[in-house]
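Okay, so here's the structure we're looking at.
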Amino acid sequence: REHCLDGTGKLRNFLASSLDHFHNKVRSAISSSTQIVKDRKDREDKISLWLDEFCRELSEVINLPRSDLKGIEHQEEVTDIEFLSRAMAEALDDLKEKLMEELSEADLSSFSRQPHTILAEHFSGCWAQCPFCGTVCTNTMRDHDGDHQVVLHRPQALMGWTWVVRFFFFEFGTHKLVIDICSSLVASNCKFKSDCGRWIPYKRYRDAGPPYSTWNILPDSSMQVYWKWFVSRFSTQLEALYDQKFEGKGKIPESWRRITKQEALSKLDK
Ligand SMILES: [Zn+2]
Ligand SMILES: [Zn+2]
């Protein structure tokens, strides 16, 4: 929600870096499919083999049904793999350029209806977000009594929070992202800067007033495997989005990097 509301810069950066990521994926799918097919001297149906490989390579980023590409296979002219891969790469580059152009001209603030409004209408319940990590309140009532609450918070890096070193009256921004979660920080001796610029101990976060005071954040250090995977998988994108680094106090643990997408998603179902 923040990204849609707060200026179009962040959203634009995010879209541009996603586009870049996708472009690289497709490029590498094109070249690896070509390589695989070239090595298979035994197969006659090279085009169809190439398309099989191409769809398989991309299955991680996009669901491209192999059946959608039947048309290409049966075009008489397409028999040369080199030609196919060159044509695909050129078409891809053109497409990327066109999208980048459209992206730079697009006025993202002028969605006729803001994306988060559309989403909110589809899901009833409370939409308050944790002021630290942005996780949405789990209460199923829109204007419920009592505090907002979520069971599992997520790393604050997702909202772009960074560590600041304080020395007497001086403050030094470290540009190092916070990978900790709110529920473990409220048990720590760390402080945060409230909206009015006051430093408040996490242990007494309610002193910062609303929206902090409207949340019940219980001390709990358990972090979902999903967020560990997400932060390490998209660390480059997050660094680019906020122009900060996962370094020093914000270094991503090696163990997070070893989590596979399957592990992350399977834990989410439980
Ligand atoms: Zn939180
Ligand atoms: Zn709530």
Side-chain angles (χ1 to χ4, degrees), residues 3 10-106 108 115 158 224-241 245-246 252-270:
H3 306 309
K10 284 178 180 175
L11 180 59
R12 201 187 299 279
N13 277 346
F14 184 72
L15 289 175
S17 86
S18 306
L19 181 59
D20 230 18
H21 174 71
F22 187 69
H23 177 248
N24 290 338
K25 280 272 177 202
V26 181
R27 271 226 99 125
S28 86
I30 291 175
S31 68
S32 68
S33 314
T34 308
Q35 200 49 53
I36 288 169
V37 173
K38 269 195 202 159
D39 294 342
R40 292 286 299 266
K41 305 269 185 263
D42 56 316
R43 293 273 295 257
E44 283 294 310
D45 52 343
K46 289 200 164 13
I47 299 295
S48 134
L49 182 62
W50 192 92
L51 293 170
D52 287 345
E53 284 303 322
F54 184 68
C55 291
R56 201 180 50 79
E57 286 282 331
L58 283 182
S59 61
E60 197 190 311
V61 284
I62 183 179
N63 178 21
L64 183 61
R66 175 65 178 81
S67 52
D68 286 3
L69 301 176
K70 277 268 179 253
I72 303 183
E73 210 172 326
H74 297 299
Q75 277 177 30
E76 290 293 316
E77 330 58 289
V78 186
T79 48
D80 179 356
I81 290 298
E82 284 291 342
F83 171 79
L84 177 62
S85 101
R86 242 191 347 264
M88 288 291 262
E90 271 167 30
L92 178 69
D93 288 346
D94 287 349
L95 179 65
K96 186 190 175 192
E97 224 163 87
K98 199 161 151 268
L99 285 174
M100 284 304 268
E101 243 166 61
E102 278 177 21
L103 190 58
S104 65
E105 286 163 9
L108 297 172
L158 288 155
Q224 271 175 307
V225 173
Y226 176 78
W227 289 116
K228 295 179 181 174
W229 169 80
F230 185 93
V231 166
S232 63
R233 174 68 182 74
F234 296 103
S235 55
T236 320
Q237 284 89 340
L238 286 165
E239 285 184 335
L241 176 64
K245 290 279 174 213
F246 285 107
I252 297 173
E254 259 326 295
S255 59
W256 291 21
R257 300 217 178 261
R258 286 194 293 269
I259 300 166
T260 64
K261 185 177 175 182
Q262 280 72 22
E263 282 171 335
L265 295 177
S266 68
K267 292 267 165 41
L268 217 49
D269 294 336
K270 285 177 189 154

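Between Trp50 and Phe54, the two ring planes are parallel [angle under 30°; tilted spans 30° to 60°].
The side-chain heavy atoms of Ser235 and Arg257, taken from C-beta on, include a pair separated by under 4.5 Å. Looking only at side-chain heavy atoms (C-beta outward), Val26 and Glu57 stay at 4.5 Å or farther from each other. Considering only heavy atoms from C-beta on, Ile252 stays 4.5 Å or farther from Lys228 through its side chain. In this structure, the side chains of Leu158 and Phe230 come closer than 4.5 Å at one or more pairs of heavy atoms.
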Step by step, would you call Glu53 with Thr34 a side-chain contact (heavy atoms from CB on, under 4.5 Å)?
CA-CA 9 Å; Glu53 284 303 322; Thr34 308; over 6 Å; no
Could you please spell out the steps behind the side-chain contact (heavy atoms from CB on, under 4.5 Å) verdict for Asp39 and Gln35?
CA-CA 6 Å; Asp39 294 342; Gln35 200 49 53; 3.5 Å; yes
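Here the CG atom belonging to Leu99 is positioned 11.0 Å from the CG atom belonging to Asp94, to the nearest 0.5 angstrom. To the nearest 0.5 Å, atom NZ of residue Lys261 and atom OG of residue Ser266 are 12.5 Å apart. The structure places CG of Leu58 at 8.5 Å from OG of Ser32, a figure rounded to the nearest 0.5 Å. Note that CG of Asp20 is 13.0 Å distant from NZ of Lys25, once rounded to the nearest 0.5 Å. Remark: Lys38 NZ to Ser33 OG distance equals 12.0 Å, nearest 0.5 Å. Taking CD of Glu254 as the start and OG of Ser232 as the end, the distance is 9.5 Å to the nearest 0.5 Å.
Classification of Lys98 and Glu101 as a salt-bridged pair fails, no side-chain N sitting under 4.0 Å from a carboxylate O.
Across Glu263 and Arg258, no two heavy atoms sit closer than the pair OE1-O, 4.0 Å.
Applying the side chain to side chain contact (heavy atoms under 4.5 Å, CB included) rule to Val225 yields the partners Ile259, Lys267; only residues at least two apart in sequence or on another chain are considered.
Listed for the Glu239 side chain is a donor-acceptor partner under 3.5 Å among the backbone atoms of Phe246.
The local environment of NZ in Lys245 is sparse, with at most 12 non-hydrogen atoms from other residues, nucleotides or ligands closer than 6.0 Å.
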